[in-house]
Amino acid sequence: MKSSTMKLVYFASLALSILLFSCQGSKEKPLNVLFIAVDDLRPDIGAYGNTLIKTPHLDRLAATGTIFESHYVQVPTCGASRCSIMTGLLPRQAGHLKNSAFEEFISDRPEALVPESLVHHFRRNGYRTVGIGKISHSVDGLLYGYKESPEGAKKEMPHSWDEFLFDADKWGTGWNAFFGYADGSNRQQLEGKVYPYEMADVEDRGYPDGITADLASEKLRELANGDAPFFLGVGFFKPHLPFTAPKKYWDLYSRDQIPLAAFKELPENVHLSSLQRMGEFNQYLLGDEKATLEKSLSDEYAQKLIHAYYASVSYVDAQIGKVLDELERLGLAKNTLVVVWGDHGWHLGEHRVWGKHTNFDIALRSPLIIRNPLAQPGRIGRETVVSSIDVYPTLADLCGLPVDFPLDGQSLVQLISTGMDSERENRAFSYFNKGISMRTDRYRITKYFREEQPSIELYDHLEDPHESINIALQRPELVEELTAKWQAGDTGLYVPQ
């Protein structure tokens with residue numbers, strides 16, 4: 001059968017399935033989906049054990065949903081991590097590790113038999129899909145440079161959204177807002193001559209995430225009156241750099257009580273190329289000190305930065321709370337799946353690093369909370385490893401959407417419903433910096449495709465939770481055993497040197 005004929009048959013059957021899906025919804029309404037993406041959010045919230053940080057709204061969500069304590073992303077950088085969760089696939093080409101992954105592999109391509117994204121799959125199955133803020137890499141769903149105008153820009157996920165919204169307000173463009181300060185200025189406009197933090201005495205709408213929360217609440221009120229089930233994606237900026245938040249969130253903390261990184265020195269038996277040189281952090285030229293691998297930041301400055309990060313987390317927690325409160329007020333919570341996902345972790349001085357972009361646990365582990373209104377709350381402990389690519393098949397399962405195309409993830413439905421899954425492969429693969437890393441319940445093994453030695457790193461999280469000593473040379477038999485499992489994650493991304 002010719003390709004054009006196959007596509008015609010496919011889309012005809014798709015239209016019929018959507019019609020049947022809509023008819024079924026009149027008897028038993030399908031679940032809605034509220035997907036919340038948070039940029040650079042490490043699992044430093046109360047529900048994950050940080051008793052100092054103030055995150056009451058995320059903690060409340062976790063108490064009524066399922067919290068995954070050992071959730072790992074596939075790539076420790078924004079665009080590539082989001083591309084992986086949206087496609088449900090592991091990286092297979094060098095471009096899959098870049099912030100431009102959406103532009104290279106999804107944008108400007110014709111609609112195909114396999115949906116371009118998780119959102120596209122829901123749209124094809126009768127859902128109204130609305131995006132607000134940073135869901136893919138671009139903050140407003142459009143492809144344009146930091147200093148360019150979005151006018152006429154191509155869509156990042158052209159077949160996924162019925163509607164995409166963002167209110168850039170006083171900043172003018174999405175990227176200006178992303179790197180924006182309370183006075184309406186931004187990092188690129190000021191050519192980097194800005195601080196990596198700001199405490200302004202403004203209301204929540206003084207920074208972009210407050211506006212996004214209001215916009216999402218308004219859109220929920222509209223969607224509540226619609227006939228179709230909805231997939232609403234809401235992407236918040238904070239705590240991404242710059243660490244900016246209204247003063248009232250800074251005032252939640254006493255700086256002298258904020259702890260420094262548990263391990264702030266270089267790991268032993270590790271080449272410096274496994275770390276990173278803080279290019280992103282050091283773009284903020286008015287920072288009090290420059291971050292380097294040669295010397296840790298002073299304790300005073302490190303504490304200021306962590307204070308700023310905590311304030312940013314509390315600020316975004318409050319914005320998420322507004323959206324969740326509106327969902328409840330509208331009576332939608334009883335029929336809406338809620339997902340909160342952090343796109344990766346962030347070193348706050350651990351291993352002398354300030355930023356993401358490493359294959360260490362601190363950069364790859366992030367929060368994942370899923371609230372299924374039809375299931376009991378639960379906590380999936382550190383002994384069970386899950387991945388961002390698991391979200392796609394999970395949401396499809398929970399919403400009854402058929403998946404007749406390959407995905408790399410494993411559905412989390414069994415874990416959500418019973419707390420156990422004996423059939424689950426208990427490992428997560430991550431990719432960056434010429435390395436492929438595998439996390440199990442106890443170990444992290446990373447193999448680098450490079451000349452610099454050592455090229456294999458092994459950490460025992462039972463004995464060394466901070467990944468302070470690479471024990472690969474001391475445990476060759478364990479390296480061999482884990483490598484046999486690691487090979488399942490070698491997608492051919494790197495060619496051995």
Side-chain angles (χ1 to χ4, degrees), residues 37-40 77-83 86 95 98-111 116-117 119-120 129-196 198 200 202 204-216 218-219 232-244 279-280 282-286 316 319 343:
V38 188
D39 211 322
D40 286 13
T77 193
C78 301
S81 177
R82 292 161 187 263
C83 186
M86 283 290 127
K98 300 176 182 178
N99 281 335
S100 58
F102 283 96
E103 181 175 6
E104 186 170 344
F105 297 100
I106 295 178
S107 178
D108 208 25
R109 292 196 176 188
E111 188 169 8
E116 68 182 12
S117 72
V119 182
H120 188 198
T129 59
V130 180
I132 300 174
K134 190 176 180 183
I135 304 299
S136 47
H137 179 246
S138 176
V139 301
D140 45 14
L142 299 172
L143 291 168
Y144 62 102
Y146 289 165
K147 295 184 178 182
E148 297 174 358
S149 167
E151 185 175 351
K154 294 182 294 187
K155 295 179 180 179
E156 203 161 24
M157 297 198 301
H159 308 295
S160 293
W161 304 107
D162 288 308
E163 184 179 11
F164 203 96
L165 308 168
F166 183 73
D167 184 353
D169 198 66
K170 58 189 172 187
W171 297 278
T173 73
W175 282 124
N176 286 349
F178 188 71
F179 299 109
Y181 294 84
D183 64 356
S185 64
N186 61 81
R187 188 187 73 187
Q188 50 267 33
Q189 173 193 7
L190 298 176
E191 298 181 340
K193 296 175 182 178
V194 291
Y195 291 94
E198 183 180 69
V202 295
D204 287 358
R205 288 180 63 91
Y207 291 108
D209 281 345
I211 299 171
T212 293
D214 289 346
L215 189 59
E218 178 184 338
K219 182 54 63 172
L232 175 62
V234 184
F236 290 105
F237 296 169
K238 297 299 109 177
H240 192 286
L241 283 168
F243 301 151
T244 55
E280 179 185 23
N282 288 326
Q283 286 184 69
Y284 295 81
L285 301 178
L286 299 185
V316 78
Q319 309 321 304
D343 65 349

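Note that the structure is a prediction, hence the values are computed from the model and not measured. What's counted below: heavy atoms across the whole structure, side chains too, no hydrogens, waters or symmetry copies.
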Of all residues at least two apart in sequence or in a different chain, which pass the salt bridge (charged side-chain N to carboxylate O under 4.0 Å, His left out) check with [X]?
{"X": "Arg109", "result": "none"}
{"X": "Glu104", "result": "none"}
{"X": "Asp209", "result": "none"}
{"X": "Glu280", "result": "Lys356"}

Could you name each residue pair satisfying salt bridge (charged side-chain N to carboxylate O under 4.0 Å, His left out) that touches [range], not counting sequence neighbours?
{"range": "residues 149-166", "answer": "Asp108-Lys154, Arg123-Asp162, Arg128-Glu163, Glu163-Lys219"}
{"range": "residues 134-144", "answer": "Asp39-Lys134"}
{"range": "residues 170-182", "answer": "none"}

Can you tell me how the ring of His137 sits relative to the ring of Trp175, calling it parallel under 30°, perpendicular over 60° and tilted otherwise?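 Taking Trp175 first and then His137, their aromatic rings sit tilted (interplane angle of 30° to 60°).
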[X]: partners by side chain to side chain donor-acceptor pair (under 3.5 Å), with sequence neighbours left out:
{"X": "Asn282", "value": "none"}
{"X": "Asn99", "value": "Thr77"}
{"X": "His120", "value": "Glu111, Arg124"}

Can a side-chain donor-acceptor contact be found between Gln189 and Asn176 if the only test is distance below 3.5 angstrom?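 Looking only at side-chain atoms, Gln189 and Asn176 do not form any donor-acceptor pair under 3.5 Å.
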Can you find a side-chain donor-acceptor pair between Thr212 and Gln319 that sits under 3.5 Å?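 Short answer, no.
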Could you work out, with ring-ring contact (aromatic ring centres under 6.0 Å, His included) as the rule, every residue matching Tyr284, not counting sequence neighbours?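 With sequence neighbours excluded, Tyr284 shows a ring-ring contact (aromatic ring centres under 6.0 Å, His included) to no residue whatsoever.
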Identify all side-chain donor-acceptor contacts of residues 178-185 below 3.5 Å with residues at least two apart in sequence or on another chain.
from	atom 1	to	atom 2	distance (Å)
Tyr181	OH	Tyr195	O	2.5
Asp183	OD1	Ser185	N	2.9
Asp183	OD1	Ser185	OG	2.6

Please check if the number of heavy atoms outside Glu148 that lie under 6.0 Å from its CD is greater than 12.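 Yes - once you tally the heavy atoms of other residues, nucleotides and ligands closer than 6.0 Å, there are more than 12.
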